[in-house]
Structure formats: structure tokens, C-alpha cells
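Shown next, in C-alpha cells, is the structure this report addresses.
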Amino acid sequence: MLNKLLVRGERSGRIVEVEAYRGTQDPASHAFKGPTRRNATMFGPPGHLYVYFTYGMHWCANAVCGAEGIAMAVLIRALAPVAGIDAMRDARPHARKETDLASGPAKLCQALGISGDDDGADLVTGDRGIMILDDGMEPPCKPGISGRVGIRAGAELPWRWWVRESVWVSKPAAH
DNA sequence: CTATAGATGCCCT
DNA sequence: GGGCATCTATAGC
């Protein structure tokens, strides 16, 4: 998914940072203990958007990528803004710098206007105006690799990847 | 630049 | 009732 485009209406950004969450096999996944109301989308078919609410105020977005019944998902953690940047600024009035627009999983949801209403959207057909597009840019040969951010169980697993040379990631200095 | 605190509400046990 | 797959402002240097 690195270097693919996340598109929401006129707004779009290039995915430069992701994390893997491996369902019932992963203690950090919302699906670790099996299906619940909140994680239902992750147990559905692949290619759909799983949006969850956290910390009392933030939305975060994942692409479901496991077969139906297998709750694998990829958290989208940062975007390099591509189009609709004025709309992103309007959606994030507190962002002072361009690099604050979408350099975090909740920031990018704010920037693109993604919320719980968008949970379950089909990212392949774009039925609800949100899709992931391949414009031909290759993923990086040697992405940055580290443990996942903001978790406790499973923190040592190297399941965060980012575009090394990108200034748009959530933690540019991390190695 | 780093470190820290506080906001805030929903899910699940 | 505990615990968040986070962000922002502020303080200090």
C-alpha cells in the first residue's frame, strides 16, 4: 500500500506510512478477542474501510485485507497531500505546517473528512466516494521498518513500514 | 527541539 | 470502570 493514493472526493494523498494488524493472532489488534460490534468490518470481505473511534475524539482508518472471516487490516498512518489541499487545511484549522495536515492516523482522517459514517466503504469500487488508487508509483524497495506506535502488547513486532525519504510521515526521526 | 498533561467518549468486561 | 492503534498546547531549553 505504500505509495498508493487514498482518495476522498476532491481530496487525495499518497500513503507513506502503514501498520499491519493481524486479527485474532495479534494482541494489539481490535480483533484479537474475536468479533464484536466495533470490529465487525474487519471480519468482513477485504477491500473495505475499517474506521474506529479512539481516545474520546479521534477516528482512524484501516484497509481490510484478509479473506472474509479473517480480520487482517492495515492502519493508514500518514499521507503526503496530493490534491484538495485547501480543503484539508479547512478541515484542520489547527495545523500550522503543511506537514501537520496528515502526518498521523487521526490527522489524515480529519484532513480527508473520514469518520465512523465511512466504516465499511468499498475501497475498490469507491461506492461511497473513498478509494485506494494505484497510479503506477512503485512501493519503496527499502521502506523504514519499526515497531508499531502507541501500543503495548506486540510492540516489539516490526510491523510498521514507511517511505524512508518522505517528510510526511508521523515520526520522521524514527528508525 | 523534547517532554508532559489534559481532553474526551465509546467499547467491552 | 479501565483502557485506549491520538492530538494539541504549553513549558522549558
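Excluded from the calculations below are hydrogen atoms, water molecules and symmetry mates; all remaining heavy atoms, backbone and side chain alike, are included. Here is the naming used below: chain letters follow the sequence lines, and residue numbers restart at 1 for every chain.
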- Sugar-phosphate atoms are those with a prime plus P, OP1 and OP2; base atoms are the rest. Using that split, label each nucleotide of nucleotides 3-13 of chain C B, S or - for protein heavy atoms under 4.0 Å, 5' to 3'. -BBBSSS----

Do any pairs count as a salt bridge (charged side-chain N to carboxylate O under 4.0 Å, His left out) and have a residue in [range], sequence neighbours left out, and if so which ones?
range                       : answer
residues 25-35 of chain A   : A:Asp26-A:Arg148
residues 49-69 of chain A   : none
residues 119-128 of chain A : none

- Near DNA chain C, under 4.0 Å by heavy atom, which residues of residues 63-70 of chain A?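 Contacts with DNA chain C under 4.0 Å: none.
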
- Message: If we check side-chain contact (heavy atoms from CB on, under 4.5 Å) with A:Trp162, which of these qualifies: A:Pro140, A:Ser146, A:Pro143?
- Response: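 For A:Trp162, the side-chain contact (heavy atoms from CB on, under 4.5 Å) check succeeds only for A:Ser146.
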
- Hydrophobic cluster partners of A:Leu133 (side-chain heavy atoms under 4.5 Å):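 Grouped by the 4.5 Å side-chain rule, A:Leu5, A:Val7, A:Val82, A:Met131 form the rest of the cluster around A:Leu133.
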
- Linking Ile, Leu, Val, Met, Phe, Trp and Tyr by side-chain heavy atoms under 4.5 Å, what else ends up with A:Met42?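 Grouped by the 4.5 Å side-chain rule, A:Tyr21, A:Tyr50, A:Tyr52, A:Val64, A:Leu75, A:Ile151 form the rest of the cluster around A:Met42.
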
- Among residues two or more places apart or on two chains, list those pairs meeting ring pair (Phe, Tyr, Trp, His ring centres under 6.0 Å) that have a residue in residues 53-82 of chain A.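 Passing the test, one end in residues 53-82 of chain A: A:Phe53-A:Trp59.
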
- DNA chain C: stems of at least 3 consecutive Watson-Crick or G-U pairs, cut-off 3.5 Å?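 So far as stems of 3 or more pairs are concerned, DNA chain C shows B:1-7 with C:6-12, B:9-12 with C:1-4.
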
- Nearest-Å distance for atom pair CG/P, residues A:Asn39 and B:dC11: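 Those two atoms, CG and P, are 12 Å apart.
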
- Message: Under the rule for salt bridge (charged side-chain N to carboxylate O under 4.0 Å, His left out), what residues qualify as partners of A:Arg22, not counting sequence neighbours?
- Response: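 Not a single residue meets the salt bridge (charged side-chain N to carboxylate O under 4.0 Å, His left out) criterion with A:Arg22.
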
- Partners of A:Gln25 by side-chain hydrogen bond (donor to acceptor under 3.5 Å, both in side chains), sequence neighbours excluded?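 None.
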
- Item | Counterpart residues, side-chain hydrogen bond (donor to acceptor under 3.5 Å, both in side chains), relative to A:Arg11 (two or more places apart) |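 Residues passing side-chain hydrogen bond (donor to acceptor under 3.5 Å, both in side chains) with A:Arg11: none at all.
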
